[in-house]
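Below you'll find the structure, written out as structure tokens, and then a few comments.
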Amino acid sequence: DGGITQSPKYLFRKEGQNVTLSCEQNLNHDAMYWYRQDPGQGLRLIYYSQIVNDFQKGDIAEGYSVSREKKESFPLTVTSAQKNPTAFYLCASSIGRIRGYTFGSGTRLTVV
Amino acid sequence: DAKTTQPNSMESNEEEPVHLPCNHSTISGTDYIHWYRQLPSQGPEYVIHGLTSNVNNRMASLAIAEDRKSSTLILHRATLRDAAVYYCILRDVESGGSNYKLTFGKGTLLTVNP
């Protein structure tokens, strides 16, 4: 079955360490996205990519980096420059301008 | 981006219909209305979308006002599994590269009572 896989589901890291969250899709979708969600809040866009080797900053890109070397993959690195990295991270993909997004099941990152 | 306004929370009883409202008074002619829902500790799930006409699918119905300044997501018979946060979002399909983005607000928390 087609879908989006995020791994790992839970991730713990020490403060000051970089960490990379994985996102893979086999839906043949062109666009991919990373969102962050804090408790009781809506989703905020970190980065998005419409095609391979191209991506744009979202509303809260500071302290994060991404790459899009393959259509299927859009990894997110949370760097030590991100001041409050503990959050629920969601990856999504879409095709075309009208259809809805497909979301992964998320990665809950805790920095201690 | 055009904004939407939703109630913070709503309650319903199991097996009764639920009408979730959304106001979007600044909607443009090229904005599609999307609805998603999110269960606890899960990613959002696409529910339905529409432009001008009412839409039906296996999950829900979307009723769009004639002036498009408001819409209502209708769950015909609520079940306990429908308890979730429901997001109403506008997606502009004409504004160049940014048309791929969805902007999520806080949504409506739906509680379903047994």
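Please read all numbers here as calculations on a predicted model, not as lab measurements. Sequence lines set the chain letters: A, B, ... in the order given, protein chains first and strands last, and positions in each chain run from 1. Basis for what follows: all heavy atoms, side chains included, without hydrogens, waters or symmetry-related copies.
A/L45 and A/M32 are not part of a single hydrophobic cluster, where members link through side-chain heavy atoms under 4.5 Å apart. Under the 4.5 Å side-chain heavy-atom criterion for grouping Ile, Leu, Val, Met, Phe, Trp and Tyr, A/Y101 is not connected to A/L27 through any hydrophobic cluster. Using a 4.5 Å cut-off between side-chain heavy atoms of Ile, Leu, Val, Met, Phe, Trp and Tyr, with links allowed through other members, A/V112 and A/V19 fall into different hydrophobic clusters. By the criterion of side-chain heavy atoms lying less than 4.5 angstrom apart, applied directly or through intervening Ile, Leu, Val, Met, Phe, Trp or Tyr residues, A/L21 is not grouped with A/I4; the two fall into different hydrophobic clusters. Neither A/Y89 nor A/Y48 shares a network with the other; the hydrophobic side chains, linked directly or stepwise wherever heavy atoms of I, L, V, M, F, W or Y lie under 4.5 Å apart, form separate groups for each.
Note that the CZ atom of A/R99 and the CZ atom of B/R91 stand 11.0 Å from one another [nearest 0.5 Å]. Expressed to the nearest 0.5 Å, how far CD of B/Q42 lies from CZ of A/F88 amounts to 8.0 Å. A distance of 9.5 Å separates CD in A/Q37 from OG in B/S41, rounded to the nearest 0.5 Å. The line from CG of B/L102 to CG of A/L43 is 10.0 Å long, rounded to the nearest 0.5 Å.
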Step-by-step side chain to side chain contact (heavy atoms under 4.5 Å, CB included) determination, A/F103 to B/Y46
CA-CA 8 Å; A/F103 279 86; B/Y46 165 80; over 6 Å; no
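Not one N or O on the side chain of A/R44 forms a donor-acceptor pair closer than 3.5 Å with the backbone of B/T103.
Aromatic ring centroids of A/Y35 and B/F104 lie under 6.0 Å apart.
Among all heavy-atom pairs drawn from A/L90 and B/G43, the shortest one is CD2-CA, 3.4 Å.
Taking B/Y87, B/Y36, B/W35 one by one and counting their heavy-atom pairs under 4.5 Å with chain A, the maximum is reached by B/Y36.
Of the atoms belonging to A/Q6, not a single heavy atom falls under 4.5 Å from chain B.
B/N8 CG: 12 or fewer foreign heavy atoms inside a 6.0 Å radius.
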